[in-house]
Amino acid sequence: SEVTEPLVSALAGSPDIQGIRGASHMGYSFIYVILNSTARRDRVQQLVIDRINAIRPQLPADAIVTLGPNASSMGWIYQYALVDAQGTRDLRELRLVNESQIKPALQSVPGIAEVASVGGLEKQYQIKIFPPLLARTGIPLKQLIVAVQSVFQEAGGRMIEVTNRDYQLRGVINSEDLDKLEFLIVGRTKDGTPVHLKDVGYVQVGYDQRRSTVDLDGTGEVVGGIAVMEQDRNVLAITASLQQKLQQLRATLPQGISIV
């Protein structure tokens, strides 16, 4: 209700919109905008983007609002799967190969509205907190969350001069420095002793909650993708372009991985 209702209220009132329907679920929701005429789709799309940008400050800080692709329910034209013949890579690695190599290349094909990844595991860096240890320090959980979030916000510094040259200082963190995150000071005890993240928990590599699985010919789980075509496009021409792009990608994949 904190996301869906404000968005529906913001989108209501346009003469080009016939109706708005919202469906909320645990952790996500969908909003369907029904048009009076498909001829004004571009105008309504821009209106929706403007309304979303205007109301975004009123939404929760962690709310992510995206506009669906320019496609219809009949746009699902191609599906593929990644197979590791050697069995040396897990579902997280296969998902990463698809997200970093295959998906961006296929989305660059003219006429493709979206390439959706299905199956596999999405890699996450997770922080595990021990409630008894955190309670012993007297530090609220919200304070710990704010401390961790602030680390990933790039901080700008002042300009310094060295050998007649100006250097801009800034503070950043990347995935190679995540092992140092355990030394982050998340607060202090009542007597002023600093409390590090490692004193109340630890950082581990895990995976996001799964919403789909993909099976290939009953042989087990694989990672796949679904290519969705834009509206008013030629299916045969777009499919031929996809197959040509996939043929080029096969030569760049890690050894043992194939696209079927």
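Every heavy atom of this structure was used, including side-chain atoms; hydrogens, water molecules and symmetry mates were not. Starting from 1, each residue takes its place in the sequence as its number.
Linking ILVMFWY residues whenever their side-chain heavy atoms come closer than 4.5 Å, directly or via other members, leaves Val228 and Ile238 in distinct clusters. Both Leu181 and Tyr125 belong to a common hydrophobic cluster when Ile, Leu, Val, Met, Phe, Trp and Tyr are linked at side-chain heavy-atom distances under 4.5 angstrom. Taken together through direct or relayed side-chain contacts under 4.5 Å among Ile, Leu, Val, Met, Phe, Trp and Tyr, Ile64 and Leu11 form parts of separate hydrophobic clusters. Both Val115 and Val235 belong to a common hydrophobic cluster when Ile, Leu, Val, Met, Phe, Trp and Tyr are linked at side-chain heavy-atom distances under 4.5 angstrom. Following chains of ILVMFWY side-chain contacts shorter than 4.5 Å, one can reach Val186 starting from Phe130, so the two form part of one hydrophobic cluster.
Formation of a donor-acceptor pair under 3.5 Å by the Asp50 side chain with backbone atoms of Leu47 is not found in this model. Counting only distance, with no hydrogens or angles, the side chain of Asp217 and the backbone of Thr219 share no donor-acceptor pair below 3.5 Å. Put simply, the side chain of Asp84 never gets that close to the backbone of Ile257: no donor and acceptor are under 3.5 Å apart. Judged by distance alone, with hydrogens and angles left aside, the side-chain atoms of Arg250 form no donor-acceptor pair with the main-chain N or O of Ser258 at under 3.5 Å. No donor-acceptor pair under 3.5 Å is formed between the side chain of Glu221 and the backbone N or O of Gly120. Between the side chain of Glu93 and the main chain of Asp90, a donor-acceptor pair closer than 3.5 Å is present.
Expressed to the nearest 0.5 Å, how far CZ of Arg95 lies from CD of Glu122 amounts to 4.0 Å. To the nearest 0.5 Å, the span separating CG on Leu82 from CG on Asn98 amounts to 5.0 Å. Between atom OG1 of residue Thr137 and atom CZ of residue Arg188 there is a gap of 13.0 Å, rounded to the nearest 0.5 Å. Atoms CG and NZ, on Leu184 and Lys198 in that order, are 12.0 Å from each other to the nearest 0.5 Å. A distance of 10.5 Å separates CD of Glu5 from OG of Ser29, quoted to the nearest 0.5 Å. Once rounded to the nearest 0.5 Å, the distance linking CG of Leu67 with CD1 of Ile49 reads 5.5 Å.
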Take Leu249 and Leu106, measure what side chain to side chain contact (heavy atoms under 4.5 Å, CB included) needs, and give me the verdict at the end. CA-CA 9 Å; Leu249 288 170; Leu106 295 183; 4.2 Å; yes

From CA spacing to verdict: side chain to side chain contact (heavy atoms under 4.5 Å, CB included), Asp16, Leu35: CA-CA 6 Å; Asp16 297 320; Leu35 312 183; over 6 Å; no

After noting the C-alpha distance and the side-chain angles of Tyr207 and Leu91, does the key distance pass the side chain to side chain contact (heavy atoms under 4.5 Å, CB included) rule? CA-CA 10 Å; Tyr207 55 88; Leu91 294 175; over 6 Å; no

Checking Val109 against Gln244 for the side chain to side chain contact (heavy atoms under 4.5 Å, CB included) test, could you report, in this order, the C-alpha distance in whole Å, the side-chain angles of both residues, the deciding distance, and whether it holds? CA-CA 10 Å; Val109 175; Gln244 182 179 3; over 6 Å; no

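The shortest side-chain heavy-atom distance between Val222 and Leu94 does not fall under the 4.5 Å cut-off. Counting heavy atoms from C-beta on, the side chains of Ser108 and Lys245 come closer than 4.5 Å. Contact annotation: the side chain of Ile77 approaches that of Leu242 to within less than 4.5 Å [non-hydrogen atoms, C-beta and beyond]. For the pair Val205 and Arg92, the minimum side-chain heavy-atom distance is below 4.5 Å.
Of the N and O atoms on the side chains of Asp191 and Thr193, at least one donor lies less than 3.5 Å from an acceptor on the other residue. In the model, Asp42 has no side-chain atom that pairs as donor or acceptor with a side-chain atom of Gln46 under 3.5 Å.
Under 4.0 Å is where a charged nitrogen must lie from a carboxylate oxygen, and between Lys123 and Glu99 no such pair does.
Scanning both residues, Leu59 and Pro6, for their nearest heavy atoms gives CD2-CB, 4.1 Å. In terms of heavy atoms, Pro194 sits closest to Asp199 at O-OD2, 4.3 Å. A pairwise comparison of heavy atoms in Val203 and Leu197 identifies CG2-CD2, 4.1 Å as the closest pair. Scanning all heavy atoms of the two residues, the minimum distance from Pro254 to Gln101 falls at CD-OE1, 4.0 Å. Ile102 and Tyr80 make their closest contact through CG2-OH, 3.5 Å (heavy atoms, listed as atom of the first residue, atom of the second, distance). Summarising the geometry of Ala227 relative to Ile112, their closest heavy-atom pair is CB-CD1, 4.4 Å, with the distance given to 0.1 Å.
No more than 12 heavy atoms of other residues, nucleotides or ligands sit less than 6.0 Å from atom CD of Gln255. Heavy-atom contacts from other residues, nucleotides or ligands closer than 6.0 Å to CZ of Arg210 number more than 12. Around atom CD of Glu2, no more than 12 heavy atoms belonging to other residues, nucleotides or ligands sit under 6.0 Å away. For CD1 of Ile34, the number of neighbouring non-hydrogen atoms (other residues, nucleotides, ligands) closer than 6.0 Å is greater than 12. More than 12 heavy atoms of other residues, nucleotides or ligands sit less than 6.0 Å from atom CD of Gln124.
Classification of the Tyr28-His25 ring pair by plane angle, with boundaries at 30° and 60°, yields parallel.
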